[in-house]
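Take a look at the structure set out below.
For the numbers below, each heavy atom of this structure counts, side chains included, while hydrogens, waters and symmetry mates do not. Every chain is numbered from 1 and lettered A, B, ... according to where its sequence line falls, protein lines coming before strand lines.
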There are 2 protein chains.
Amino acid sequence: MIDKTSGVPAYRQVATDIRAKIESGEYAPGAPIPSERTLVDQYGVSRPTIRDAIALLRQEGALIAEHGRGVFVRPRATVQRLSRSRLSRDARTANRGAFLGDASAGGFTPSTTVKIRFEPADERTADLLGLDAGEEVTVRDRVMRADGLAVMLAVSRLPRSITRGTAIEEVNTGPGGAYARLEENGHTLTHFEEIVSARMPTPEEASILQLSSGVPVVRVTRVAYAGRAVEVNDMTLASDRYELIYHIPAD
Amino acid sequence: MIDKTSGVPAYRQVATDIRAKIESGEYAPGAPIPSERTLVDQYGVSRPTIRDAIALLRQEGALIAEHGRGVFVRPRATVQRLSRSRLSRDARTANRGAFLGDASAGGFTPSTTVKIRFEPADERTADLLGLDAGEEVTVRDRVMRADGLAVMLAVSRLPRSITRGTAIEEVNTGPGGAYARLEENGHTLTHFEEIVSARMPTPEEASILQLSSGVPVVRVTRVAYAGRAVEVNDMTLASDRYELIYHIPAD
DNA sequence: GAGTGGTCTAGACCACACG
DNA sequence: GTGTGGTCTAGACCACTCC
């Protein structure tokens, strides 16, 4: 099965063969592939070589290993589509914030853990919010859960000068969320910018979001403007469970 | 250096230690870490164990290995920010398409390889474009390069019924690009939708985009509407070189 | 208990970079 | 040539799952 004269490393040949069997459907989504020791016999290479091949496919997100059970073809995850136009004022007033709006759209039971803290603005935050470095910011550090499973991390930072004395400094921001409180205090939101990127998770993120290997996170940095920048919100999402959908006018 | 009684695998302890040294700046971005054989001595474990630790950090995108040279802390890449509002008509008429617009903004020399083909619509394409499965679509398969380096893959599909006889079926679509040709033929663009997600690259994508391990790709599916859906464009970008920026009105 | 993946060793040889 | 990472072997023992 393995051509030792081709110059292609054995573990890559094995990986290519298994990948082909996944694509052809011979190994179906959710089904186990043969055990490592079986593959050792099939391909005539050592177990570390088989493990190298499996490691490569796990990295690509094609396989998932479960200790004591086997190695499985990654099942296709159900993807939630998060519409970013839900940031509009109409949608905001109709529910208690973007995440809760998504919950009602997605049919899952939401819960959130919030930690509030105050800290001096670091350079990036000061730059995005138009503050002097070191000015105090209110930090709302949240873990959003859907049916108990953590699905999004979100860290909002707002100038303390505009949150002092408001429910934004409380765990529960009240109806309409932090944006409603801002507008009540004269900070009428004009627009948002969202900067979207992706990277591999830190070990901590992988643990909280229960990501299996080979699953990147999508990073969204949202800056809310009410004339000036009033909030920067760094969000981290599991890329196998969420996609973002943006609406762009043609003119 | 390694606590064999802690229950934490040795390779993870080594990875955690190296990660800490990267975060503290002891191992600086772009600088090499000690050689594998040096680390074997430092931590008192075997070379495969050291390699497991390095593999973990490469997966996380923290380290880059170069054959024959060493293992380096990943340098922070220069990130291009792609503004999606550039899809607006004003910007379109001012230059020859979104990518070329980005080029002038980013100060790099663009080049593109285009392959045209015609094929029956698969299920997803038919669904997005509102066609019957099997209806013929025009496929524009492009590799965009900046200063010679491939930075984006883009595959556009349009109903052949609206591209027949137009420059959209040619390699060179002419001034303003395919969107300008659509509008000339009565398909006035109304809006776009962009669906954004991320995943690890296929081996082919990693090769074309010259991605090092631990770098996911951002996937953008853009659907262009002119009353009806007229184009679906699947784009693949290296996540360490590009971020997308979206502008969202507050109401 | 039997089978699975996870960790680890102590080597060997190859391929690549650089002086 | 010397040092680097890349590949590979033939084991061993551990931890977990399931019957």
**Q.** Evaluation steps, salt bridge (charged side-chain N to carboxylate O under 4.0 Å, His left out), between Glu119(A) and Arg117(A)
**A.** CA-CA 7 Å; Glu119(A) 62 181 31; Arg117(A) 61 176 189 272; 3.1 Å; yes
Q) For Tyr11(B) and dG5(C), what is the distance between atoms OH and C1' respectively, to the nearest whole Å? A) 11 Å
(Q) Measuring only between side-chain heavy atoms, which start at C-beta, is Thr236(A) closer than 4.5 Å to Glu205(A)? (A) yes
Q | Sidechain-backbone polar pair: Thr16(B) side chain, Arg12(B) backbone, donor-acceptor under 3.5 Å | A | yes
Q | Nucleotide dT9(C), atom P - distance to CG of Asp41(B) in whole Å | A | 13 Å
Q: Kindly state which residues belonging to residues 49-74 of chain B come within less than 4.0 angstrom of DNA chain C, counting heavy atoms of the residue only, listed by number.
A: Thr49(B), His67(B), Gly68(B), Arg69(B)
Q.
Can you see if the side chain of Lys4(B) gets near the phosphate of dC14(D) - specifically, an N or O under 4.0 Å from OP1 or OP2?
A. no
(Q) What is the separation between atom CZ on Arg37(B) and atom P on dC13(C), rounded to the nearest whole Å? (A) 13 Å
Q) Is a side-chain N or O of Glu194(B) found less than 3.5 angstrom from the main chain of Val223(B), in a donor-acceptor match? A) no
Q) Taking atom CZ of Arg145(A) and atom CG of Leu209(A), what is their separation to the nearest 0.5 Å? A) 10.0 Å
Q: Report the distance from atom CG of Asp3(B) to atom C1' of dT7(C), rounded to the nearest whole Å.
A: 16 Å
Q. Rounded to whole angstroms, how far apart are CG on Leu39(A) and C1' on dT4(C)?
A. 12 Å
**Q.** Gap between atoms OH and C1', on Tyr43(B) and dA10(C) respectively (whole Å)
**A.** 21 Å
Q: Verify, without hydrogens or angle tests, whether Gln59(B) (side chain) and Gln59(A) (backbone) share a donor-acceptor contact under 3.5 angstrom.
A: no
Q. For the pair made of CD1 in Ile2(A) and P in dT9(D), what is the distance, rounded to whole Å?
A. 10 Å
Q: Using modelled atom types only, decide if a donor and an acceptor are shared between the side chain of Gln13(A) and the backbone of Asp3(A) within a distance under 3.5 Å.
A: yes
Q: Step by step, work out the side chain to side chain contact (heavy atoms under 4.5 Å, CB included) result for Asp234(A) and Arg219(A).
A: CA-CA 7 Å; Asp234(A) 289 298; Arg219(A) 292 272 302 176; 3.8 Å; yes
**Q.** Ser35(B) side chain near dT4(D) phosphate (N/O to OP1/OP2, under 4.0 Å)
**A.** yes
Q) At what distance, to the nearest 0.5 angstrom, does CD1 of Ile208(B) lie from CE of Met152(B)? A) 13.5 Å
Q. Which string of ( ) [ ] | and . matches DNA chain D, if you list each base 5' to 3' and count Watson-Crick or G-U pairs only when both distances are under 3.5 Å?
A. ||||||||||||||||||.
Q: Grab the CZ-P distance between Arg47(A) and dT7(C) for me, whole Å please.
A: 11 Å
Q. NA contact type, Pro9(B), heavy-atom cut-off 4.0 Å: base, sugar-phosphate, or nothing?
A. sugar-phosphate
